[in-house]
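What follows is a single structure, written as structure tokens, with notes after it.
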There are 2 protein chains.
Amino acid sequence: MTSKTEPMTDDEIHHEIFDAIVEGRLSPGEKLGQDDLGKVFGVSKTRIRPILHRLADQKIVVIEPMRGAFVARPSVEEARTVNAARQIIEEGVIRAATRLAQPRHIRMLRDIVAEEQSARDRRNGARAHRLTGEFHCELARITGNDVVSEMVRELVSRDSLVVALYQRPASSGCSLGGHADLIDKIAAGDENAAAHAMRHHLQDVMDSLDLGGDRRKSQALATAFAHLERPD
Amino acid sequence: MTSKTEPMTDDEIHHEIFDAIVEGRLSPGEKLGQDDLGKVFGVSKTRIRPILHRLADQKIVVIEPMRGAFVARPSVEEARTVNAARQIIEEGVIRAATRLAQPRHIRMLRDIVAEEQSARDRRNGARAHRLTGEFHCELARITGNDVVSEMVRELVSRDSLVVALYQRPASSGCSLGGHADLIDKIAAGDENAAAHAMRHHLQDVMDSLDLGGDRRKSQALATAFAHLERPD
DNA sequence: CTTTATCATATCGTATACGATTATTCTTGC
DNA sequence: GCAAGAATAATCGTATACGATATGATAAAG
């Protein structure tokens with residue numbers, strides 16, 4: 001299996017690492033050694049390096065020069081920025097989706113929410129979280145525009161790291177009603193209401209996080225010890 | 001100067017090639033040989049390759065396996081998709097910008113339009129085109145959100161290639177009124193009007209292009225038979 | 001016993017070298 | 001004379017090798 005003969009393509013390796021990060025198999029801050037990854041996939045560093053850089057472009061990996069690559073640990077400020085970006089971008093998306101939505105799209109979205117609910121009932125937080133992201137991606141797909149879908153996908157994946165870092169222990173079911181509400185507004189064809197609901201939904205998600213905590217002390221000592229005011 | 005001692009960073013090389021493409025110094029379809037670029041920047045292929053892949057991720061370069069990298073030559077379908085994406089994304093952007101715009105922002109936008117007009121009067125099409133893109137980027141910057149700015153920047157750069165390929169010879173001054181109109185709507189604080197104007201402005205830009213023609217074919221043939229004759 | 005300086009190790013970043021694939025050119029047959 | 005096939009040249013993709021830099025340990029000084 002993982003012994004010898006694997007002509008694994010770059011995209012496959014990328015996708016493998018990408019999923020491992022977004023699905024939480026790799027925790028924020030974890031080191032991603034080039035040689036280690038090369039051994040895992042049976043290739044040399046030469047092919048790993050560009051992939052890590054690509055992941056760094058997607059902001060789910062951080063490369064510290066001469067130190068190595070690590071799973072990104074988004075700062076509180078970055079978390080807020082990504083969420084704000086989603087509020088701006090996805091407002092346009094849901095408006096377009098509302099204009100274009102057809103019955104089958106509505107059904108698909110409702111199916112996802114149902115699965116999401118089911119996963120939560122089973123205490124399967126990982127799956128529920130994945131479906132939450134998928135909901136927004138499928139919503140973007142209604143536009144029929146691959147460029148838009150890809151951008152939303154990128155934003156959602158970055159948000160995955162944010163919730164992985166800052167989610168409150170017992171707050172996994174907060175955004176459920178939000179999605180159902182969005183679907184209702186879309187089904188009703190009320191563009192303004194849908195846009196409004198989307199902004200508030202995303203804001204709710206952000207408010208449900210435990211920002212301002214000392215969660216990221218280990219990462220950015222600069223901010224953790226900002227009160228010391230060390231003169232440069 | 002360009003002889004020996006240049007510790008040029010990867011980002012600098014990337015930015016150099018990026019600008020050369022967006023500003024039209026490198027035409028769509030042009031080959032980007034790894035060894036050639038390496039010689040130009042005084043480094044080895046090893047550092048060029050990841051940069052080309054990064055440009056490929058940004059969709060302004062195409063990498064054909066075992067063939068090499070070329071400046072992207074977006075198809076008509078891709079051109080339409082990118083424009084449609086801009087209509088969706090930038091609607092959200094201009095709505096946010098309208099909510100947040102302050103007098104200094106309005107002045108900045110007007111300055112850009114003025115420069116744009118000036119460049120057009122001087123028949124400086126290249127500069128005018130660059131300022132057109134900058135207008136949309138600055139508009140995105142009003143949101144104060146780097147993620148949003150970067151996304152708009154990416155879309156605008158892709159559109160640069162589209163107009164480089166499909167722009168009608170004598171249609172360089174079509175979108176001027178559009179920008180001024182957008183500013184008026186923003187200054188008036190009328191979010192819906194601004195969003196509407198943005199969609200139509202981008203649609204106008206698209207309509208002003210010469211799609212559906214055989215521009216793609218003739219360009220390809222032109223380069224293929226460049227050594228034979230000049231039909232121009 | 002703490003602190004600082006030095007050394008060893010491990011990992012990253014880059015250049016070079018080699019095999020694989022494609023484009024081009026030349027030859028040969030029709 | 002033209003077309004098809006083979007050999008050559010050029011370029012891409014990958015692995016290996018080497019130099020540079022940061023981390024951790026060890027030893028010496030206070």
Side-chain angles (χ1 to χ4, degrees), chain A residues 2-17 21 26 29-58 60-73 218-222 230, chain B residues 2-17 21 26 29-58 60-73 219-228:
Chain A
T2 54
S3 54
K4 265 179 194 169
T5 60
E6 281 139 292
M8 214 168 178
T9 183
D10 287 10
D11 283 335
E12 284 173 335
I13 297 177
H14 171 88
H15 196 264
E16 206 69 38
I17 303 177
I21 294 176
L26 289 170
E30 198 145 336
K31 167 138 197 187
L32 302 173
Q34 302 180 339
D35 291 324
D36 299 341
L37 287 173
K39 279 191 177 181
V40 168
F41 294 105
V43 297
S44 201
K45 311 188 304 184
T46 319
R47 291 182 60 190
I48 298 295
R49 266 182 60 75
I51 294 171
L52 288 175
H53 275 86
R54 193 166 146 200
L55 290 165
D57 272 355
Q58 299 177 300
I60 63 178
V61 158
V62 173
I63 293 181
E64 301 182 27
M66 281 298 173
R67 293 239 355 197
F70 306 85
V71 178
R73 179 190 293 269
S218 49
Q219 184 222 5
L221 299 90
R230 198 194 112 179
Chain B
T2 54
S3 54
K4 263 180 196 166
T5 60
E6 282 142 289
M8 215 169 178
T9 182
D10 286 11
D11 283 335
E12 285 173 334
I13 298 177
H14 171 88
H15 196 261
E16 206 67 39
I17 302 177
I21 293 176
L26 289 170
E30 198 145 336
K31 167 137 199 188
L32 302 173
Q34 302 179 341
D35 291 322
D36 299 341
L37 288 172
K39 279 192 176 182
V40 167
F41 295 104
V43 298
S44 202
K45 312 188 305 185
T46 319
R47 292 182 59 191
I48 298 295
R49 268 182 59 76
I51 294 172
L52 288 175
H53 275 86
R54 194 165 146 202
L55 291 165
D57 271 357
Q58 299 176 299
I60 64 177
V61 158
V62 173
I63 294 181
E64 300 182 27
M66 282 297 174
R67 293 231 351 167
F70 307 84
V71 178
R73 178 191 293 273
Q219 263 269 2
L221 293 173
T223 49
F225 299 154
H227 53 95
L228 287 183

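Treat the numbers as computed from the prediction; the structure is a model and nothing was measured. To find a chain, count down the sequence lines: A is the first, B the second, and so on, and within it residues start at 1. Excluded from the calculations below are hydrogen atoms, water molecules and symmetry mates; all remaining heavy atoms, backbone and side chain alike, are included.
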[X] side chain: which of [options] is closest?
{"X": "A:Asp10", "options": "C:dA15, D:dT14, C:dT22", "result": "D:dT14"}
{"X": "B:Ser44", "options": "C:dG13, C:dT16, C:dA23", "result": "C:dT16"}
{"X": "B:Lys31", "options": "D:dT11, D:dT16, C:dC12", "result": "D:dT11"}
{"X": "A:Thr46", "options": "C:dG13, D:dT16, C:dT16", "result": "D:dT16"}

Over how many whole Å does the gap from [X] atom [atom1] to [N] atom [atom2] extend?
{"X": "A:Ile51", "N": "C:dC12", "atom1": "CD1", "atom2": "C1'", "result": "17 Å"}
{"X": "B:Ile48", "N": "C:dT16", "atom1": "CD1", "atom2": "P", "result": "13 Å"}
{"X": "A:Lys45", "N": "C:dT16", "atom1": "NZ", "atom2": "P", "result": "16 Å"}
{"X": "A:Phe70", "N": "C:dT11", "atom1": "CZ", "atom2": "P", "result": "12 Å"}
{"X": "A:Asp36", "N": "C:dA10", "atom1": "CG", "atom2": "C1'", "result": "11 Å"}
{"X": "B:Leu37", "N": "C:dT14", "atom1": "CG", "atom2": "C1'", "result": "17 Å"}
{"X": "B:Arg47", "N": "D:dG13", "atom1": "CZ", "atom2": "P", "result": "19 Å"}
{"X": "A:Glu64", "N": "D:dT23", "atom1": "CD", "atom2": "P", "result": "9 Å"}

OP1 or OP2 of C:dC12 under 4.0 Å from side-chain N/O of A:Arg49:
no
Between A:Met66 and B:Ile63, just flag the one whose closest nucleotide in DNA chain D comes earlier from the 5' side.
B:Ile63
Test item: A:Met8 and A:Val43 side chains (from C-beta on) under 4.5 Å apart, heavy atoms:
no
What pair of heavy atoms forms the shortest contact from A:Ile21 to A:Ile60, and how long is it?
CD1-O, 4.0 Å
Minimum heavy-atom distance B:Glu16-B:Phe41, with the two atoms named
CG-CE2, 3.8 Å
Atom CD1 in B:Ile17, atom CG in B:Leu37: separation rounded to 0.5 Å?
5.0 Å
Can you list the residues that meet the salt bridge (Lys or Arg N to Asp or Glu O under 4.0 Å) rule with A:Arg54, with sequence neighbours excluded?
A:Asp11, B:Asp57
